[in-house]
Structures are given as structure tokens and as C-alpha cells.
Amino acid sequence: MSVDATASEFAPLPDDWQRALVIMAHPDDPEYGVGAAVATWTAAGKDVRYVLGTRGEAGIAGMPPDEAARVREGEQRRAIAHVGVSELEFLDHRDGTIEYGPILRRDVAAAIRRHRPDLVVTMNFHETWFPGAWNSADHRAFGLAVLDAVSDAANEWIFPDLSDDGLEPWAGVKRIIVNSPTGQSAVEVSGGVDAAIASLAEHRKYLEALSGDAVLDQARRQVLGVTGGEDAAERYVRFDVYG
């Protein structure tokens, strides 16, 4: 796709859903990709909720993990208000050392059963973001677990103790979408870009640790970059679609 591509050049994302569960590894993961899509969906009356695997406690250089976890949770709670999300849950896996396996799959499956979404949204879990840019171990392990946990949530026999805890199987997920720079489906998000920038800018301490550039400049640059580039006439968020 060319840099100046438009959403019409991609397959449209089906709109036959009402509740989405955004399940990602860290605070700020939604803001770095799907925030503009989330703002667009909630403005249209969709119910969108967030579940994050960690509190991002290993994410700020020089800040002790306990303090970083408190800071980043607060930043994430402020961030979701800009894009119309009110429900936020943390699974409290250890930041930086997420392990794919039945423990993680069970926790994600339990979240899916609790929230009972039609649509599950996660982020790029492939080895790279693009050639030469290695993806993190947490993203790779967590995204794969999300894909598998959708099936786990629907199967009464894989984690039967969840039913004992009152979390009945949920087979209502119509599809999983994965925010990816190479995705071939897209959502037009021009109306959600300002909200997405404001949402990412709430991660102030995190962004200040990444760069000496002004936080708002970082947020604007990132959101415009992932939604079509600085000079795009139309803005979009790209997804791979499963199911």
C-alpha cells in the first residue's frame, strides 16, 4: 500500500457487533494503535472495554516497579476517558516476563467470559512490526494467548473451574481483530484522531521517559503516523481479521 492510501483501499471491517473487548499486554498499548478506532466506535454507540495483561511496572527507566505500576495505572485510567471507555481491568501478570501458557490463557478466557464481547481486539503479536523492528516478547506471547483464549472461553471442558466460579462459557465472539501495520482491513477514524491524541498524551510520565520531545508532540506524531501519515486526507486504523 502507498503511504497516501485511504481506508477505501482496504477491506471494510464488519460492523455487526455491539461490545468489543480490547485485550493487550500493557498500559498505553491501546493508545499506540487502536485509540482512534475506539473513539470512533464509542461515538457510534458501541460498548468498548479494556483488559490489560500487566500494569506496565517495568516500563519507566529509573522508576521502581511499584511506583511505576501506580503511575501507569493512573495514566491509563485517565486515557480511557478521552475515547469513551469506562471499564478497565488488569490481569496483573508481570511486565516484561509474560509467559504464553495455560495460566495466561485461563486468565484471558476468564476475562472474555466476564465481559462477553462480540468482538475481541488485540495488537500485533508477530515477530516484527516491520522488517528490522523486532516485536517485544510480551506482545508476542500475549497476542497468541488472546487468540487461543477465545476458543478456551467457549469450551466448557478446558478450564472447568471457571464455570465453578460462575463464569459460564462464552461462544459469542464473532471475530478477533489484530491491530497491525500490515493489516488488510481498515476502519475510517478521522473523527477519532483528536481523542486518540489526547488519550495517548495522558501517558505523560511514560512518554517523558522515552523522549525529551513535548508529550503532546509525541502523541500527535504517533497517532498521525499510525492512521495514515502526517499529510493523509483520510485516516484509518488497519487490522488483520480472524474469524
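Numbers here simply count residues along the sequence, with the first being 1. Since the structure is predicted, the reported quantities are computational estimates derived from the model, not experimental observations.
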Atom pair [atom1]/[atom2] of [X] and [Y] - distance to nearest 0.5 Å:
X	Y	atom1	atom2	result
Asp28	Arg72	CG	CZ	4.5 Å
Asp29	Leu52	CG	CG	7.5 Å
Lys205	Arg70	NZ	CZ	13.0 Å
Leu88	Ile80	CG	CD1	4.5 Å
Glu234	Thr227	CD	OG1	11.0 Å
Thr122	Asn179	OG1	CG	9.0 Å

Who pairs with [X] by side-chain contact (heavy atoms from CB on, under 4.5 Å), at least two apart in sequence or on another chain?
X	value
Glu99	none
Ala79	Glu31, Gln76, Ser199, Glu202, His203
Ala61	none

Heavy-atom count check: over 12 atoms from other residues, nucleotides or ligands less than 6.0 Å from [X] [atom1]?
X	atom1	value
Leu210	CG	yes
Phe130	CZ	no
Trp134	CH2	yes
Asp164	CG	yes

Using a 3.5 Å distance criterion without hydrogens, assess whether the side chain of [X] forms a donor-acceptor pair with backbone atoms of [Y].
X	Y	answer
Arg238	Ala186	no
Asp95	Ala58	yes
Ser190	Arg235	yes

(request) Applying side-chain hydrogen bond (donor to acceptor under 3.5 Å, both in side chains), name anything that partners Asp16, two or more places apart in sequence or on another chain. (result)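 For Asp16 the side-chain hydrogen bond (donor to acceptor under 3.5 Å, both in side chains) partners, ignoring immediate neighbours, are Arg175.
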
(message) Restricting to side-chain hydrogen bond (donor to acceptor under 3.5 Å, both in side chains), what partner residues turn up for Asp161, sequence neighbours left out?
(response)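 Asp161 satisfies side-chain hydrogen bond (donor to acceptor under 3.5 Å, both in side chains) with Arg106 once adjacent residues are dropped.
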
Verify same cluster id: [X], [Y] (apolar side-chain graph, 4.5 Å):
X	Y	answer
Ile112	Val146	yes
Val187	Leu119	yes
Val85	Met24	yes
Ile23	Val150	yes
Met123	Val34	yes

(request) Report yes if the side chains of Val226 and Val237 come closer than 4.5 Å at any heavy-atom pair, otherwise no. (result)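 No; the side chains remain at least 4.5 Å from each other.
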
Of the non-hydrogen atoms in [X] and [Y], which two are nearest, and what is the gap between them?
X	Y	result
Val241	Ser185	CG2-OG, 3.5 Å
Ala196	Gly35	CB-C, 3.8 Å
Gly56	Pro27	N-CD, 3.5 Å
Val83	Ala195	CG1-O, 3.9 Å
Leu207	Ala201	CD1-CA, 4.3 Å
Val121	Ala20	CG2-CB, 4.4 Å

(message) Show every side-chain hydrogen bond (donor to acceptor under 3.5 Å, both in side chains) that has at least one partner inside residues 214-226, sequence neighbours left out.
(response)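 Listed once each, the pairs are Asp213-Arg221, Arg220-Glu230.
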
(request) Start with the C-alpha gap between Phe159 and Leu167, add the side-chain angles, then the distance that decides, and say whether side-chain contact (heavy atoms from CB on, under 4.5 Å) holds. (result) CA-CA 10 Å; Phe159 298 117; Leu167 296 174; over 6 Å; no

Enumerate the salt bridge (charged side-chain N to carboxylate O under 4.0 Å, His left out) contacts for [range], please, sequence neighbours excluded, ordered by first and then second residue.
range	value
residues 142-160	Arg105-Asp152
residues 121-146	none
residues 109-125	Glu89-Arg114
residues 45-65	Asp15-Lys46, Arg19-Asp47, Asp47-Arg49, Arg49-Glu87, Arg55-Glu73, Arg55-Asp92

(message) Applying ring-ring contact (aromatic ring centres under 6.0 Å, His included) as the test, list every pair that has at least one member in residues 64-97; sequence neighbours left out.
(response)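 Found none.
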
(request) Please list all pairs passing the ring-ring contact (aromatic ring centres under 6.0 Å, His included) test where one or both residues lie in residues 19-73, with sequence neighbours left out. (result)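 ring-ring contact (aromatic ring centres under 6.0 Å, His included) check on residues 19-73 returns Trp17-Trp41, His26-His139.
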
